[in-house]
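Please read the structure below before turning to the comments.
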There are 2 protein chains.
Amino acid sequence: MNNSVTLKDIAKALNLSISTISKSLNDSHEISTDTKKLVLDYAQKHHYLPNRMAKGLKEGKSRSIGVVVCSLENNFAAQMLDGIDSASTDKSYQIIIMQSKESQKQERACIELLYAGGVDGILISPACETVDFSYLQSLQDSGLPVVLFDRLSDEIETHKVGADNFKGAYDATVHLIKNGYKSIAHLNTNTILNIATERLNGYKQALEEYKLPYRADFLRSCDYTDTKKLNADLEESIKYYMSLKKRPDAILTSTDQISTRCLALLNKLGYKIPEDIALIGFTNTDLADAFNPPLTTVHQPAFEIGQLAASKLISLIEKKSQEPEYETILLDTTIQVRASTRARK
Amino acid sequence: MNNSVTLKDIAKALNLSISTISKSLNDSHEISTDTKKLVLDYAQKHHYLPNRMAKGLKEGKSRSIGVVVCSLENNFAAQMLDGIDSASTDKSYQIIIMQSKESQKQERACIELLYAGGVDGILISPACETVDFSYLQSLQDSGLPVVLFDRLSDEIETHKVGADNFKGAYDATVHLIKNGYKSIAHLNTNTILNIATERLNGYKQALEEYKLPYRADFLRSCDYTDTKKLNADLEESIKYYMSLKKRPDAILTSTDQISTRCLALLNKLGYKIPEDIALIGFTNTDLADAFNPPLTTVHQPAFEIGQLAASKLISLIEKKSQEPEYETILLDTTIQVRASTRARK
DNA sequence: CTGTTAGCGCGTTCAA
DNA sequence: TTGAACGCGCTAACAG
């Protein structure tokens, strides 16, 4: 730690007791205006800053919250982190960010570190590998507030904040249908994440409502844990689609990476978008309009998800007394129409 | 804080003294193997984790380092953060990330918060607004290690780790020249950041070596603090270039945002790349091959910059004794050739 | 109004 | 080999 000035130093310098200094700095009513001013001036002048660790130790809380995401490099995660940071800073909480790198084991390590670090609560978007929430559950049972965001799971009961993935996929599929596409494929992840099944269900629901058949061979899952594997899976899937007798005329992709890689691969394989095949994808990249062609996207309110999740966690932290009514909040997605889904003639 | 098991709890449960427990857990030689085993087993079973704040308070250090970047959402920053996280985790340091949002005022607030939080050192990539390094300097003088990364400044003397921007711009310009481009414009930021001038100098150097004239009207600076302003400036610059009697046949762009936005704008304005105008840009996006056309980029070793900067800081933290020889390390950039700079016929 | 005291969880003397 | 006592910087209960 740094050798900053402490209460003791000020006390000595001003010939007052430590507690008088403490009270002055905390603007206690039981201190005279004169001494207060004296202390405050001295503190200001010597750049006094309360030691966070001492305060935390004393008060039994650290005013810090732990955040676990799959990866910092993930643009979507970064947008949510920005929202989390915004809400936390507003309420003067510090955030400690950890990466699970989609590994359940590493995620567990992150949580332990955060717990040991004395965080007042945990915000987590689980690794796609994660199936076991018992550790998190036990922490919660022992009094540590936990809030899930983005990737929600039924395995743990708490506040959850995410996007309305069902509706997003539904809207995307309807958008394609209304633009004249009738054979719509769906590229998803191979994970057991809820967001994957919800998106699949939204897609199915739209097909059903518009009396289009659901074809099992139009649904492909790609390995999400490894980028190389994902690319390989994607390329194989695209080739497979295009080799079908009745091949799809559009694809709905379900994650950031799948959407952008799919577009790049279609280009690489020489297919014209949307003439040969249209594409709409879940992604929050702000580069969609630089793509070839500009990509129609399903945009998720990432910043807001982070912000809301952090607010929920903080309110949980600050009024632990009441038994909370846990709620699941789904924020609306929006379709951003661009050239990759131009109306079919 | 969380109600985890403490040394006291273990002591009570095992009918031993607190210090015996502490020593056992720290594998002190003055404790019998039997008691050690007893304590260790109990600790394991009850998930004992030392309280970070208590330990930090006691030892006068927190094993945490503060990191200040412009924004989490910035993909390039995220890649560096990933590297920082990697190196820090290896040496079991925790990182606390703060965003300056390119504001000097907010940056100052971040640093104060980190300092008060008891970080053992600070890693910072200054906001593009920042001109005054005196506060940082004073912290360093008072014993807090500071390391600069990516955006280096001469205003403070310490370890600095960044990319070789001069060489990157030089290589990029030479690449254009060798592919037949002779009228090369340069779009840069309006900041006083060193990286901006270094890139400009690399560009100039290449022109000079290849006996191409440097034309002042080919150099344009864009406002970097605000996205909307940046877009407007960029569009105006492009239109300006294209209105010139002798218009450029290629552009070298100098930051992530400028590169990608410039490409999108050229497309929007209906120019063919590289037929009407070629484009090469500094950016680390992994989506360059999905662009229209795939963008030739100057790639910076972001992860490695972060990793190295963190290592340097940690070594500074751990052997404060010696007066360190501060060094500036510049890592090599690489040109990733794609269609946007196809050889001119 | 101000000062004394105790204790948050931990590591580290020094005694036993 | 074990334990008692102290202090890191801070707040709060209680005296004066």
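Chain A is the first sequence line, chain B the second, and so forth, proteins listed ahead of strands; every chain is numbered from 1. When reading the values below, keep in mind they use all heavy atoms of this one structure, side chains included, and skip hydrogens, waters and symmetry mates.
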Roughly how many Å is it from [atom1] in [X] to [atom2] in [N], rounded to a whole number?
X       : N      : atom1 : atom2 : result
A:Asn26 : D:dT11 : CG    : C1'   : 8 Å
A:Ile18 : D:dT11 : CD1   : P     : 11 Å
A:Met53 : C:dG11 : CE    : P     : 13 Å
B:Lys58 : C:dG7  : NZ    : P     : 18 Å
A:Leu7  : C:dT4  : CG    : P     : 15 Å
B:Lys12 : C:dG9  : NZ    : P     : 10 Å
A:Glu30 : C:dC1  : CD    : P     : 10 Å
A:Asp9  : D:dG7  : CG    : P     : 16 Å

[X] side chain, from C-beta outward: closest of [options]:
X       : options              : answer
B:Thr20 : D:dC10, D:dT2, C:dG3 : D:dT2
A:Asn51 : D:dG9, C:dG11, D:dG3 : D:dG9
B:Leu57 : D:dC10, D:dC8, D:dG3 : D:dC8

Check this one for me: any side-chain N or O of [X] less than 4.0 Å away from OP1 or OP2 of [N]?
X       : N      : result
A:Thr6  : D:dG9  : no
B:Tyr48 : C:dC10 : yes
A:Ser17 : C:dG3  : yes
B:Thr35 : D:dT1  : no
A:Ser22 : D:dC10 : no

Query raised in the report: Counting only N and O atoms by type, is there a donor-acceptor contact under 3.5 Å from the side chain of A:Asp82 to the main-chain atoms of B:Glu73?
Result: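 The answer is no, because no donor-acceptor pair under 3.5 Å joins these two groups.
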Base [N] to side chain [X], donor-acceptor N/O within 3.5 Å cut-off:
X       : N     : answer
A:Lys23 : C:dG3 : yes
B:Ser19 : D:dA5 : no
A:Ser32 : C:dT2 : no

Query raised in the report: Does the side chain of B:Ser32 come under 3.5 Å of the side chain of B:Thr35 through a donor N or O and an acceptor N or O?
Result: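 Side-chain D/A pair, B:Ser32 to B:Thr35: present.
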Query raised in the report: Side chains of A:Glu107 and A:Thr130: do they bring a donor and an acceptor to under 3.5 Å?
Result: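 Yes, A:Thr130 and A:Glu107 have a side-chain donor paired with an acceptor closer than 3.5 Å.
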Query raised in the report: Below 4.0 angstrom, N of the basic side chain to O of the carboxylate: do B:Lys312 and B:Glu327 qualify?
Result: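 Answer for the salt bridge query: yes.
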Query raised in the report: Does CD belonging to B:Glu157 count more than 12 external heavy atoms closer than 6.0 Å?
Result: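 Count not over threshold, so no.
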